[in-house]
Amino acid sequence: MLAMDVLVEQPDAVRRAIELKAVDLDLDQLLALHGQVKALLGQVEELRRERNVLSKQTASAADDERAALIERSRQIGGTLKEREPQLRDQQAQLDQLLLLVPNIPGPDEPIGRDDDDNVELRRWGEPPKFTFQARDHVELLELHDWADLERIGQVAGSRTYALKGAMVRLELALWRFAADFMEERGFTLIDLPSFAREAAFIGTGHFPGGREEVYQLDEDLYLSGTAEVGLNYLHSGEILAASDLPIRYAGFSTCFRREAGAAGREMRGLVRVHQFYKVEQYVICAADREESARWFDTLLANGEALVQALELPYRVVRTCTGAMGAGKVRMWDIECWVPSQEVYRETHSVSEIYDWQARRSNLRYRDEDGTVRFAFTLNNTAIATPRILVPLLEVHQQADGTVRVPERLRPYLGDAELLGSPQE
RNA sequence: GGAGGGGUGGCAGAGCGGACGAAUGCGGCGGUCUUGAAAACCGCUGUCGUCUUCGGGCGACCGGGGGUUCGAAUCCCUCCCCCUCCGCCA
C-alpha cells in the first residue's frame, strides 16, 4: 500500500499508476472517503476529549454535582455510540480501497498491457543447435522412466507429476546447490510452512486480488505459492534496529498454485504445475531507493549466476507495467531457453517493491537518527523445481538420450557426468 | 484430542473500575563527578493518528476484535498466541 499522503499530494501520479497497471479503482471515490473519515474522526475525537474531561471531574466531584456531570457524559456517550460505528465502517471501507492502490512503477520501465509488451534487456549463452532429433523434456522423462505424468493424475488430478529415480536425485542436487550458493552470499536458509494466514497474503499483496490463485485450507489458512508470503510476514509488527538490516533470507518451501487463470495453457509436462519447490531470495533493507536498486541488481545477478552455473542460455526481460503486478516498482524476469518450444520461458522473477509490502505487513525499523520507517523489500527466485528441469533436460540432452550434467552440479550428484542410459 | 496456567513498555515484572500511558528493577540516551573508565547520583527514555502560532495540544493503543459503564489494563463475550501435564503421532 502507498502512504495516504502520497495519494493526497500526488493524485495524478497515483491515477496514472492505476491506469498503467489496469487496476479497477476509482481514486476520487477513495479520496472523498478519506475526507469523510478525517472529518468524522475529528468529531469523534472532540467528543471523546469532552467526555474525558467530564470523567476526570466526576471522579473527584462532590455528590451534588456528580449527577449533572454523569448526565452530560451520558449524552456525549449517546452521540458517540452513533458516530463510532459510522467511523469504523468508513475506516474499514477506506482500508479495503487502500489495499487496491497499486505501487507506482519505475519511470524507466516499459509501458504496456501484457507480457507481449515486455522488453528484452540482454541474452546470455547460445541456444543449442542439435544435429539429431531432439526430444522434449516429457519424452526424455518417459524414455528413462524418470517420472510418472499419467497415472499420478488419478491420484491428484491434472497438472501434477511424480518424479522418479535420477530426477529426484537431480532435484535434490539443485536444492542443495541453490542452498550452498545462497548461504555463501550471506543469505540465511529458512525452511518455512507452506501455509499462512490471510493477513500474510494481504501483506505481500497476493490478497485481495489473487484469491482464486490460492488453495484455501481452512477458514483462515491458505497454501502459499511462494515463500515470500511467510518471509514478508515473519517480522510483521516489529520495529527492527537499523543494525538488523539488511535481512537476507533464502526461503525454501513447497509452493502451491491453483493456476485458475491458466486453464488449458501449458498442460504438458513440468512447466506449469500445482505443486512445486522453490528456494526464494528475500531481502528486507532500509528505506533507501539507491540501496534498494543495489539489492535488485544483486538478486538479479544471483539468479543469473545460478542459471549460468547450470549452463542454460537465457535472456533478461523487463516486465511491462501491465504485467508486473500491483505492488511492484520493477519486475525483471530471467527466462531460460526451452529448445522444444523455441522460446525463452520464465524461471526467475526479481521484484522491487519499496515499502508497499512493508506498509501492509507493518514491517518497520528504527533509523540511525531514531526515525521509525517502513522497510523496503525485494525478492527473486533462486531455483524453482521442477520447472528448471525443463530447460535443463532439454538443453543438455545428447543424441543418445542421455543428459549431460553441468559441471557445477556434479558434486551434488556423486560426480556423475551423464544421467540416463544411452539408447540404441 | 483431554486438563490446567498465562499474554502489560526494549526486557523482567506490579497493577485487577476513576489520581494509570501505566509502579519498580534492568537495559538505552544525556548530564554531574573523573586524567580516562567504572561506580554513585540527577534527568530523559513506546507506537499510531490528528491539529499546530512548531513550543506543543488532543485522541487511540496494556495479544486482536466486540460489549458493559458517566468512566475499563482492570468486568463480560469472542478470536489468536504462548507455557505445563496426559493421550496420539512422523
Side-chain angles (χ1 to χ4, degrees), chain A residues 1-9 30-99 191-203 207 216-222 229-230 233-245 247 253-254 287 355-375:
Chain A
M1 105 174 68
L2 293 176
M4 197 62 227
D5 290 351
V6 172
L7 308 201
V8 171
E9 286 160 21
L30 188 158
L31 291 172
L33 185 58
H34 176 246
Q36 284 179 41
V37 166
K38 261 184 88 165
L40 190 54
L41 179 66
Q43 287 177 32
V44 166
E45 288 197 347
E46 176 57 21
L47 288 167
R48 291 206 274 233
R49 189 189 63 77
E50 288 172 27
R51 189 184 60 186
N52 288 346
V53 169
L54 291 171
S55 249
K56 271 212 173 76
Q57 290 172 355
T58 306
S60 57
D63 289 348
D64 54 336
E65 294 169 9
R66 209 179 173 87
L69 287 169
I70 288 178
E71 181 49 35
R72 279 170 60 199
S73 269
R74 188 174 278 158
Q75 281 172 16
I76 292 173
T79 312
L80 275 172
K81 217 148 232 151
E82 274 173 34
R83 302 281 167 84
E84 281 179 332
Q86 280 176 20
L87 179 62
R88 264 204 299 275
D89 288 354
Q90 289 188 10
Q91 185 68 57
Q93 276 181 48
L94 180 61
D95 291 344
Q96 288 304 307
L97 289 177
L98 275 171
L99 290 180
D191 173 355
L192 69 172
S194 294
F195 52 88
R197 295 234 172 92
E198 182 181 52
F201 286 84
I202 289 172
F207 284 7
Q216 183 165 12
L217 286 183
D218 210 321
E219 197 186 330
D220 192 36
L221 284 179
Y222 302 80
V229 176
Y233 211 66
L234 198 57
H235 297 282
S236 167
E238 291 184 44
I239 299 177
L240 300 162
S243 57
D244 294 334
L245 302 181
I247 292 177
S253 74
T254 315
D355 60 3
W356 192 86
Q357 281 181 341
R359 285 180 181 278
R360 292 172 159 245
S361 297
N362 194 24
L363 170 54
R364 296 172 296 173
Y365 72 101
R366 195 182 307 277
D367 213 345
E368 275 86 358
D369 64 10
T371 313
V372 175
R373 299 181 195 282
F374 288 101

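Letters A, B, ... mirror the listed sequences (proteins, then strands); counts begin at 1.
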Have a look at [X] and say if it touches a base, only the backbone sugar-phosphate, or nothing, with a 4.0 Å heavy-atom cut-off.
X	answer
A:Ile76	nothing
A:Lys56	nothing
A:Ser55	base
A:Val372	sugar-phosphate
A:Arg72	nothing
A:Asn52	sugar-phosphate

Length of the line joining [X]:[atom1] and [N]:[atom2], which is rounded to integer Å:
X	N	atom1	atom2	value
A:Asp95	B:rG49	CG	P	13 Å
A:Leu94	B:rG49	CG	P	13 Å
A:Gln90	B:rG49	CD	P	19 Å
A:Arg366	B:rC29	CZ	C1'	12 Å
A:Arg88	B:rG66	CZ	C1'	7 Å
A:Asp220	B:rG65	CG	P	15 Å
A:Glu198	B:rG64	CD	P	19 Å
A:Leu80	B:rG71	CG	C1'	13 Å

Nucleotide opposite [N] in a Watson-Crick or G-U pair, distances under 3.5 Å:
N	value
B:rC89	none
B:rU84	B:rA3
B:rC41	B:rG31
B:rG17	none
B:rC75	B:rG67
B:rA60	B:rU47

Roughly how far, to the nearest 0.5 Å, is [atom2] of [Y] from [atom1] of [X]?
X	Y	atom1	atom2	result
A:Lys38	A:Gln90	NZ	CD	14.0 Å
A:Asn362	A:His235	CG	NE2	13.5 Å
A:Glu45	A:Arg48	CD	CZ	6.0 Å

Problem - Minimum-distance nucleotide (side-chain atoms of A:Lys38 versus B:rG59, B:rC70, B:rC51) - result: B:rC51

Fill in the blank from the handout: Side-chain contact check for A:Ile70: nearest option of B:rG59, B:rC70, B:rG49 is B:rC70

Handout entry: Polar side-chain contact A:Glu46-B:rG59 base: donor and acceptor under 3.5 Å
Key = no

Practice task
Determine whether any donor atom in the side chain of A:Arg66 lies under 3.5 Å from an acceptor atom in the base of B:rG18, or the reverse, and answer yes or no.
Solution key: yes

Using the [atom1] atom as the reference point in each nucleotide, state the distance between [N] and [M] in Å, no decimals.
N	M	atom1	value
B:rC44	B:rA23	P	12 Å
B:rU8	B:rU47	C1'	15 Å
B:rG66	B:rG31	C1'	48 Å
B:rA40	B:rC82	P	39 Å
B:rG6	B:rC76	P	13 Å
B:rG30	B:rA37	P	12 Å
B:rA22	B:rA60	C1'	15 Å
B:rC62	B:rG7	C1'	10 Å

Handout entry: Conformer about C1'-N of B:rG66 - syn within 90° of 0, anti elsewhere
Key = anti

Practice task
Could you check if a side-chain atom of A:Leu98 sits within less than 4.5 angstrom of a side-chain atom of A:Leu2, using non-hydrogen atoms only?
Solution key: no

Exercise for the section: State, with a plain yes or no, whether a side-chain heavy atom of A:Leu192 is found less than 4.5 Å away from one of A:Leu234. Expected result: no

Practice task
Just do the side chain to side chain donor-acceptor pair (under 3.5 Å) check on A:Asp89 and A:Gln93 with the steps written out, would you?
Solution key: CA-CA 6 Å; A:Asp89 288 354; A:Gln93 276 181 48; over 6 Å; no

Taking only side-chain N and O atoms of [X], does any of them lie within less than 4.0 angstrom of OP1 or OP2 on [N]?
X	N	value
A:Arg197	B:rC81	yes
A:Lys81	B:rU68	yes
A:Arg51	B:rG71	yes
A:Arg364	B:rC48	yes

Completion exercise
On RNA chain B, more 5' by nearest nucleotide between A:Arg74 and A:His34 is A:His34

Exercise for the section: Take A:Leu69 and A:Val53, find for each the nucleotide of RNA chain B with the closest heavy atom, and name the residue whose nucleotide sits nearer the 5' end. Expected result: A:Val53

Exercise for the section: Go through A:Tyr233 and A:Phe201 one step at a time and tell me if the ring pair (Phe, Tyr, Trp, His ring centres under 6.0 Å) criterion holds. Expected result: CA-CA 9 Å; A:Tyr233 211 66; A:Phe201 286 84; 9.8 Å; no

Exercise for the section: Establish, yes or no, whether a centroid distance under 6.0 Å links the rings of A:Tyr365 and A:Phe374. Expected result: no

